[in-house]
Amino acid sequence: RVPTARGLWPPGLPPNAAPPFSPPSPSVSSSSAAPAPRRQHSQGPSAPVLGQGPLAGCLGWGWALTAGSGLLAAPLVRLRVLARPPRRILRLGGRGAAGLGRRGPSAMASHLRAHGSQAAPEDVRIDRVLFLGTGSAVPVPGQRNMSSLAVLLSSGAAIMVDCGEGTQHHLRVSTMLRASRLEAILLTHLHGDHCFGIFGLLHTAAMEGRKDPMLLVGPVGIREMVETVFRCSGGWLPADSFELQFLEIPTCGAPGRDSLVGEDGAGFSAEKCRSAAPVDLGLVGGMRLQAVPLVHSVPDWGYVLTEPDRPGVLDVKSAMSMGVPKGPQLGRLKSGEAVTLADGRVVSPHQVVGPRILGRTVAVLQDTSDASAAIEPCRGAAVVVHEATFAADMEQDALAKGHSTSAMAADFALRCGAKRLVLTHFSARYSTSDALAPAAADGGPPADPAGRLGEEARAVLGPEGAPVVVAQDFMVLRGDRDFEPEPLLAVKRPPWHRQAVDVLMGDFAAAKRACAHLAACKC
């Protein structure tokens, strides 16, 4: 851990810190009751469902639900002996000839017909968002790794978005997540800084004894990429490891429409994306998952995760004044059932239960110069994680490379009414040449050079606008606090031993500063 979220150095755990473990909330098994009606999260074109209509021939994987077990670690809570609550796993069909999943559009279509609009367990919530990498193109040792983040759920499961090179290094030193808790990995696109870490992470998970299947979601080509690498490096045997399940999002986007790819054959066309509807991917980990096309130099998808809606607040006093006794009947009213009293009177839920509480939305929009297709799906989102590769004065460079500036990210948050904007995917130019110097004015870790981009975004949003967070590696957003960042980074120790590197490189001045920094913080 570090004493502040402003920088990764100096490392160390405070002497009085409690062991970093806490129990997850128990998950609820799926119910066969009729699903409650859900609101439309997108007010734009209706969201297509993969496996239906023209999309039925684009891809398909058989889906079924199985049971597993899970346990999630969280910091600053006393160690306890915990039972292992059940965890829902998405299993996509059986094994094919290569043991990497089964093809067939009919299986995918049948799953989505059965589960695509099904209400998720109402107690599954987004607990935290953990950033495992916030850099772009190249890593900055000691400061920023390649792009990756994990959405931690109250059920104990986790969904990873992007897996850049070195992600498993950060995962192993994080105090909050283990690879065994990952239920799915969502890749936004197939540029190396967003996907080259997936091969090592999968192999490490297999070596650690994982047996649950892993769902891999991404653009067309993700299956070929993973299979090719594993075939050339010794193969992948599910019997000795675990099953890999693939869900490729077709480039056709919405049913009845042509491919979103532009005339140059590279990324999605900006004009086509502006009128494209989000693609409904059904339920993953109990979250409603939608994919939205983003304008970049290759096919690129943003991901929008939405919690299930919850029942409204029960007015217990009003219910009891109508003659409803304490006990199971109150619970039935809360769940939406009418109850009949002893005198024959019927009390309906709408008389004593408030409106349903809408689930919160977390959106991850990486590598894009135009995210217009995501505006309606992100309307009123609790958090929008948006790339901000460049500062506001480099807008032309950003557009030429298919990226955004801090001001462009803030403009998107303003247009969709996001409640919090988190900037990530920073160019290496917004980093210090020495992670330990110069120190901040108060003697703490160095100020984050990317803080300048946060100030630019705040200037666009104005004093009454949504709060802006400049993401850092190992930063944690607390779901129970409106996704405010925690003051401490969730890391046991830095993944780079900077002091040893400085000595080997002959930079004894930097090594001396490192020693002084560590001694000052009593690490």
Side-chain angles (χ1 to χ4, degrees), residues 39-45 47 126 129 131 134 136 149 161 188 268 270-271 273-278 290-296 300-306 358-399 401-427 430 448 450-471 475 477 479 481-485:
R39 75 191 187 286
Q40 280 286 347
H41 294 291
S42 170
Q43 303 301 321
I126 296 176
V129 177
F131 289 88
T134 58
S136 68
L149 64 82
V161 181
T188 57
F268 293 148
E271 183 177 354
C273 283
R274 292 189 185 101
S275 59
Q290 296 182 90
V292 290
L294 303 176
V295 179
H296 192 44
D300 189 4
W301 296 96
Y303 294 106
V304 181
L305 296 94
T306 303
L358 302 182
R360 299 171 300 178
T361 293
V362 172
V364 183
L365 310 175
Q366 287 278 23
D367 286 32
T368 180
S369 58
D370 187 347
S372 298
I375 289 179
E376 291 304 328
C378 294
R379 183 72 65 189
V383 178
V384 168
V385 180
H386 198 294
E387 73 118 304
T389 308
F390 299 104
D393 58 0
M394 298 188 66
E395 182 172 344
Q396 293 305 315
D397 288 339
L399 294 173
K401 297 177 180 178
H403 288 292
S404 294
T405 66
S406 55
M408 292 165 65
D411 179 69
F412 176 87
L414 196 63
R415 292 163 65 194
C416 72
K419 298 177 182 177
R420 186 177 299 273
L421 172 64
V422 182
L423 304 180
T424 187
H425 196 266
F426 305 110
S427 167
Y430 307 111
D448 186 357
R452 163 192 169 190
L453 279 68
E455 293 301 326
E456 292 175 347
R458 294 183 188 98
V460 173
L461 291 170
E464 303 299 325
V468 178
V469 176
V470 177
M475 177 180 282
L477 306 180
R481 297 181 181 175
D482 296 327
F483 295 99
E484 291 183 357

Measure the spacing between CG of Leu305 and CD of Gln290 and express it to the nearest 0.5 Å.
9.5 Å
Keeping Arg360 on the side-chain end and Ala381 on the backbone end, is there a donor-acceptor pair under 3.5 Å?
no
To the nearest 0.5 Å, what is the distance between OG (Ser404) and CG (Leu453)?
11.5 Å
Name all residues meeting the salt bridge (charged side-chain N to carboxylate O under 4.0 Å, His left out) criterion together with Asp393; count only those two or more places apart in sequence or in a different chain, and write none if there are none.
Arg452
Looking only at atom types and distance, does a side-chain atom of Glu387 sit under 3.5 Å from a main-chain N or O of Leu365, one as donor and one as acceptor?
no
Show, in sequence, the C-alpha distance, side-chain angles and deciding distance for Val422 and Val383, and conclude whether the side chain to side chain contact (heavy atoms under 4.5 Å, CB included) test is met.
CA-CA 7 Å; Val422 182; Val383 178; 3.8 Å; yes
On a heavy-atom basis, which atom in Ala270 and which in Val295 lie closest, and how many Å separate them?
CA-CG2, 3.5 Å
Is a donor on one side and an acceptor on the other found under 3.5 Å between the side chain of His296 and the backbone of Gly402?
yes
Nearest non-hydrogen partners of Leu461 and Ala413, listed with the distance:
CD2-CB, 4.4 Å
Assign the ring pair Phe390 / His403 to parallel, tilted or perpendicular, where the plane angle (0 to 90°) is split at 30° and 60°.
perpendicular
Would you sort out whether Cys273 and Asp370 count as a side chain to side chain contact (heavy atoms under 4.5 Å, CB included), showing the intermediate values?
CA-CA 9 Å; Cys273 283; Asp370 187 347; over 6 Å; no
Find the distance between CE (Met394) and CG (Asp397) and round it off to the nearest 0.5 Å.
4.0 Å
Atom pair OG/CD of Ser406 and Glu395 - distance to nearest 0.5 Å
10.0 Å
Is there side-chain contact between Met475 and Val470, with at least one heavy-atom pair below 4.5 Å?
no
Looking at Phe483, is its backbone amide N or carbonyl O close enough to the side chain of Arg420 to form a donor-acceptor pair, meaning the two atoms are under 3.5 Å apart?
yes
Kindly give the heavy-atom pair with the smallest separation between Pro377 and Val304, and that separation in Å.
O-CG1, 3.8 Å
Could you tell me whether the side chain of Tyr430 and the main chain of Thr389 form a donor-acceptor pair under 3.5 Å?
no
Quick one: does Ser136's side chain have a donor or acceptor within less than 3.5 Å of a partner on Phe426's backbone?
yes
Taking every heavy atom of Pro293 against every heavy atom of Ala277, the minimum-distance pair comes out as CD-O, 4.5 Å
Please evaluate residues Leu421 and Phe412 with respect to the criterion side chain to side chain contact (heavy atoms under 4.5 Å, CB included), reporting the C-alpha separation (whole Å), side-chain torsions for both, the decisive distance (0.1 Å), and the verdict.
CA-CA 9 Å; Leu421 172 64; Phe412 176 87; over 6 Å; no
What I'd like to find out is whether the side chain of Phe131 reaches to under 4.5 Å of the side chain of Val385, using heavy atoms alone.
yes
Are any of the side-chain nitrogens in Arg415 or Asp411 under 4.0 Å away from the carboxylate oxygens of its partner?
yes
Please test Thr361 against Thr306 for side-chain hydrogen bond (donor to acceptor under 3.5 Å, both in side chains), starting from the C-alpha separation and ending with a verdict.
CA-CA 4 Å; Thr361 293; Thr306 303; 3.0 Å; yes
Identified side chain to side chain contact (heavy atoms under 4.5 Å, CB included) partner of Leu294 from the options Thr368, Asp367, Thr188:
Thr368
Mind checking salt bridge (charged side-chain N to carboxylate O under 4.0 Å, His left out) for Glu484 and listing every partner two or more places apart, or none if nothing turns up?
none
I need the Thr134 OG1 to Leu423 CG distance, nearest 0.5 Å.
11.0 Å
Quick one, Val364 with Gln366, criterion side chain to side chain contact (heavy atoms under 4.5 Å, CB included). Give me CA distance, side-chain angles, the key distance, then yes/no.
CA-CA 6 Å; Val364 183; Gln366 287 278 23; 4.1 Å; yes
Can a donor-acceptor pair be found, under 3.5 Å and without considering hydrogens, that links the side chain of Glu456 to the backbone of Ala392?
yes
